[in-house]
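Just below is one structure, and these are the notes that go with it.
First the proteins, then the strands, lettered A, B, ... as listed; each starts at 1. The shown structure was predicted, so the numbers you read here are calculated from the model rather than taken from an experiment.
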Amino acid sequence: SAVISQKPSRDICQRGTSLTIQCQVDSQVTMMFWYRQQPGQSLTLIATANQGSEATYESGFVIDKFPISRPNLTFSTLTVSNMSPEDSSIYLCSVGLSTVDTQYFGPGTRLTVL
Amino acid sequence: GENVEQHPSTLSVQEGDSAVIKCTYSDSASNYFPWYKQELGKRPQLIIDIRSNVGEKKDQRIAVTLNKTAKHFSLHITETQPEDSAVYFCAASSPGYALNFGKGTSLLVTP
């Protein structure tokens with residue numbers, strides 16, 4: 001498996017501001033994904049982070065609200081833009097070492113928007 | 001797209017009993033079925049997975065079965081212990097694609 005870190009681990013933000021979350025892996029991975037987990041809920045895919053090209057977003061998530069970067073095979077960022085209290089959630093990245101490999105999750109970023 | 005249904009949403013068992021969680025999926029192209037355990041405040045941790053060319057897989061007290069024809073798979077935990085208490089998520093995917101998760105089962109093992 002890979003060692004995955006996320007920064008920040010938690011943050012409290014004011015509405016209307018933006019927060020960028022970083023996901024760093026200790027080895028090159030093929031697949032990187034961003035999920036959201038609202039309190040007491042399951043995990044919902046936001047987007048697939050593609051290296052060298054635009055992310056692929058799921059229905060209900062748009063690039064203007066959740067811009068994603070993936071400059072290389074070990075790093076990705078997710079920005080939550082123009083935040084509202086409804087964006088309060090845990091945001092998790094997950095990685096797969098190959099297209100047929102198991103996916104592992106980062107520790108998550110707990111975001112509270114006031 | 002893939003739709004994964006998970007039952008029950010909550011499950012309470014006595015220590016030492018068995019626990020069974022069931023999931024169904026809709027997309028016949030899905031061929032990878034992992035199970036994650038999530039303790040409070042922690043990340044989801046993979047506990048076992050199965051691929052579509054296998055009907056059953058076991059790892060100590062945990063086993064997963066897959067019925068591709070019926071499109072359902074199940075997690076079996078035997079000899080449950082209080083530390084098994086957590087939320088369990090099933091998921092389904094095709095290779096190279098993100099996981100589609102069930103809604104989760106909150107398992108409580110009482111001493």
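Ring-plane geometry between A:Tyr91 and A:Phe66 is classed as tilted, the angle between the planes lying from 30 to 60 degrees on a 0 to 90 degree scale.
If you measure heavy-atom distances from A:Phe105 to chain B, the contacts under 4.5 Å come from both the backbone and the side chain. Interface remark: B:Gln38 contributes side-chain atoms only to the contact with chain A (heavy atom separation under 4.5 Å). In this structure, no portion of A:Glu58 lies under 4.5 Å from any heavy atom of chain B. For a residue to count as touching a neighbouring chain, one of its non-hydrogen atoms must lie under 4.5 Å from one of that chain's; by this rule B:Pro34 does not touch chain A. Within the 4.5 angstrom heavy-atom criterion, only side-chain atoms of B:Leu46, from C-beta onward, approach chain A. For a residue to count as touching a neighbouring chain, one of its non-hydrogen atoms must lie under 4.5 Å from one of that chain's; by this rule B:Phe101 touches chain A with backbone and side chain alike. Only the side chain of A:Leu92 comes within less than 4.5 Å of a heavy atom of chain B; its backbone N, CA, C and O stay farther away.
With no hydrogens or angles considered, no side-chain donor-acceptor pair links A:Gln24 and A:Ser5 at under 3.5 Å.
Comment: A:Lys65 engages A:Asp87 in a salt bridge, judged by a side-chain N to carboxylate O separation of less than 4.0 angstrom. At a threshold of 4.0 Å, the pair B:Asp49-B:Lys57 counts as salt-bridged, since one of the basic side-chain nitrogens sits closer than that to a carboxylate oxygen. The pair B:Glu39-B:Lys37 meets the salt-bridge criterion, with a side-chain N (NZ, NE, NH1 or NH2) lying under 4.0 Å from an Asp/Glu carboxylate O.
Put simply, the side chain of B:Asp59 never gets that close to the backbone of B:Ile62: no donor and acceptor are under 3.5 Å apart.
When each of A:Gly108, A:Ser59, A:Ser94, A:Pro107 is scored by its heavy-atom pairs under 4.5 Å with chain B, the top score falls to A:Pro107.
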